[in-house]
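Just below is one structure, and these are the notes that go with it.
Reckoned from all heavy atoms, side chains included, excluding hydrogens, waters and symmetry mates. Residue numbers count from 1 along this sequence.
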Amino acid sequence: MTAPARVLVVDDSATMRGLITAILNADPAVSVVGQAADAMQARQAIKDLNPDVVTLDIEMPNMNGLEFLEKIMRLRPMPVIMVSTLTHKGAEASVAALEIGAFDCVGKPLPGDLHPFADLAEKVKAAARSQRKFIISGNKVAAPSAANTNATAVDYRAARRIIAIGSSTGGVEALINVLQKFPKNCPPTVITQHMPVTFTKSFSERLNRLCAPTVEEAFDGARLEIGKIYLAPGGDRHLQVVNPSAPTCRLLDREPVNGHRPSVDVLFDSVADLVGRNGIGVILTGMGRDGASGLLRMRQAGARTFGQNEKTCVVYGMPRVAYEIGAVEMQLPLNSIGEEVLKCAATRREGTE
């Protein structure tokens, strides 16, 4: 029998520490071994208790969660799940934490929330199981290179490709890696990344600063254009691509699919239906199986499909299922995916109009 995941809960609020502890201890595969009210207590508790996973509040006195996370990743790398308010400020801090190396983020419950921290125990267990090596280089993510910022010799208009990407846990770092390789005139690209509501706005703004193409949060009716990347908004709607004559984003009111809204499967299904052989599908790191069946539909429709390999995934869940069901044409390390996708995007599939 596998030992329970040992967790240290760090939050300056005694009420929040108690809530998180009660929710986690309700799962027999998780055991809260300690609590801390600030970074100094947490530092000593990590030394004394050697937990598998830390849940860390972003907003704390003396040293905030981001500063403490940087110290953890530099001095004692380990899985950390950030706990954040769902404000714009909290969302920006959460995106920064994921970039620094946090395993994942969860939002603090809002008043009237009947199921607070509903997925926290699953995230903790995934973090404890993760094969990821928590090695941080200490370098900040670079700004887009001149090679990608300048106009390139490749004209992606002729191939009329649409790129669709799905990701979840670990997806912030993975998407930055892939999209920083895209040139300013990249093919229209649509992305579903599992994130709490309000986080996607901050993440799209961060990507827009880091990448050569224009990155924006998708809105209903947005026309897909060369040089633009559209990120599905977190919350209560799915992202689809519709209208063959002028591909357009549609935000769809519908029940969660695979437990997610927005769902990667919904996005991939729509791209398979809309452009068939002219689609390119990419499934990156993440828990569960969302996106696997949609990627298979894309491949069956003639699209090129790529999956992130196990070695470079934070969580080899979604890409594993996709690979096992035959949805992945080519499995690659993260650093190779952007370049391979662009090679495909520059050529049109034979047999298309």
* To do: Take S168 and Q193 through the side chain to side chain donor-acceptor pair (under 3.5 Å) test and state the conclusion after the steps.
  => CA-CA 5 Å; S168 186; Q193 156 73 34; 5.3 Å; no

Nearest atoms (heavy-atom pairs only) where [X] meets [Y]:
{"X": "D265", "Y": "R289", "result": "OD2-O, 4.4 Å"}
{"X": "I283", "Y": "V328", "result": "CG2-CG2, 4.4 Å"}
{"X": "E99", "Y": "V172", "result": "N-CG1, 4.2 Å"}
{"X": "F219", "Y": "C249", "result": "O-CB, 3.6 Å"}
{"X": "G279", "Y": "A303", "result": "O-CB, 3.1 Å"}
{"X": "A97", "Y": "L69", "result": "O-CD2, 3.5 Å"}

Hey, is the main chain of [Y] close enough, under 3.5 Å, to the side chain of [X] for a donor-acceptor pair?
{"X": "S31", "Y": "V33", "result": "no"}
{"X": "S293", "Y": "G291", "result": "no"}
{"X": "T285", "Y": "T169", "result": "yes"}
{"X": "D220", "Y": "L251", "result": "yes"}
{"X": "S84", "Y": "G107", "result": "no"}
{"X": "N258", "Y": "H260", "result": "no"}
{"X": "E173", "Y": "N177", "result": "no"}
{"X": "Q180", "Y": "C211", "result": "no"}
{"X": "D290", "Y": "G259", "result": "no"}
{"X": "R261", "Y": "R254", "result": "yes"}

Check: [X]/[Y] side-chain N/O donor and acceptor closer than 3.5 Å:
{"X": "S270", "Y": "D273", "answer": "no"}
{"X": "D48", "Y": "Q44", "answer": "yes"}
{"X": "T200", "Y": "E217", "answer": "yes"}

Heavy-atom side-chain contact between [X] and [Y] under 4.5 Å:
{"X": "P183", "Y": "L342", "value": "yes"}
{"X": "Y316", "Y": "N309", "value": "no"}
{"X": "V314", "Y": "F103", "value": "yes"}
{"X": "M16", "Y": "F117", "value": "yes"}
{"X": "M78", "Y": "V53", "value": "no"}
{"X": "V7", "Y": "V30", "value": "yes"}
{"X": "F306", "Y": "Q331", "value": "no"}
{"X": "V271", "Y": "M298", "value": "yes"}

- request: List the steps, then state whether salt bridge (Lys or Arg N to Asp or Glu O under 4.0 Å) holds for E70 with R74.
  value: CA-CA 6 Å; E70 287 183 321; R74 186 172 71 251; 5.9 Å; no

List the steps, then state whether side-chain contact (heavy atoms from CB on, under 4.5 Å) holds for F182 with V341. CA-CA 9 Å; F182 279 29; V341 166; 4.2 Å; yes

Start with the C-alpha gap between I58 and N64, add the side-chain angles, then the distance that decides, and say whether side-chain contact (heavy atoms from CB on, under 4.5 Å) holds. CA-CA 6 Å; I58 284 183; N64 67 37; 5.9 Å; no

Would you say [X] has more than 12 foreign heavy atoms packed within less than 6.0 Å of its [atom1]?
{"X": "M40", "atom1": "CE", "value": "no"}
{"X": "R250", "atom1": "CZ", "value": "no"}
{"X": "K125", "atom1": "NZ", "value": "yes"}

Derivation of the salt bridge (Lys or Arg N to Asp or Glu O under 4.0 Å) call for R297 and D269: CA-CA 6 Å; R297 281 202 63 203; D269 284 346; 3.7 Å; yes

**Electrostatic pair D12:R17 at N-O distance under 4.0 angstrom** = no

So that I can tick it off, tell me whether D104 and K123 are bridged by a salt bridge, with the cut-off set at under 4.0 angstrom between side-chain N and carboxylate O.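 Salt bridge present between K123 and D104.
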
- Query: Could you walk me through whether I229 and L179 pass the side-chain contact (heavy atoms from CB on, under 4.5 Å) check?
  - Reply: CA-CA 9 Å; I229 298 170; L179 298 179; 3.9 Å; yes

Derivation and outcome, salt bridge (Lys or Arg N to Asp or Glu O under 4.0 Å), residues E329 and R304
CA-CA 7 Å; E329 174 188 351; R304 303 295 301 274; 2.8 Å; yes

- Kindly indicate, with the supporting measurements, whether the criterion salt bridge (Lys or Arg N to Asp or Glu O under 4.0 Å) is fulfilled by D11 and K108. CA-CA 11 Å; D11 198 297; K108 288 187 175 180; 3.5 Å; yes

TODO: Quick one: list whatever passes salt bridge (Lys or Arg N to Asp or Glu O under 4.0 Å) with E339, sequence neighbours left out.
DONE: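 Scan of E339 (salt bridge (Lys or Arg N to Asp or Glu O under 4.0 Å), adjacent residues dropped) gives none.
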
Straight-line distance of [X] [atom1] to [Y] [atom2], nearest 0.5 Å:
{"X": "I226", "Y": "T214", "atom1": "CD1", "atom2": "OG1", "result": "12.0 Å"}
{"X": "K311", "Y": "L332", "atom1": "NZ", "atom2": "CG", "result": "14.0 Å"}
{"X": "R299", "Y": "F268", "atom1": "CZ", "atom2": "CZ", "result": "14.0 Å"}

Item to check | side-chain contact (heavy atoms from CB on, under 4.5 Å) between R161 and Y156, intermediate numbers included | outcome: CA-CA 7 Å; R161 297 284 207 166; Y156 294 101; over 6 Å; no

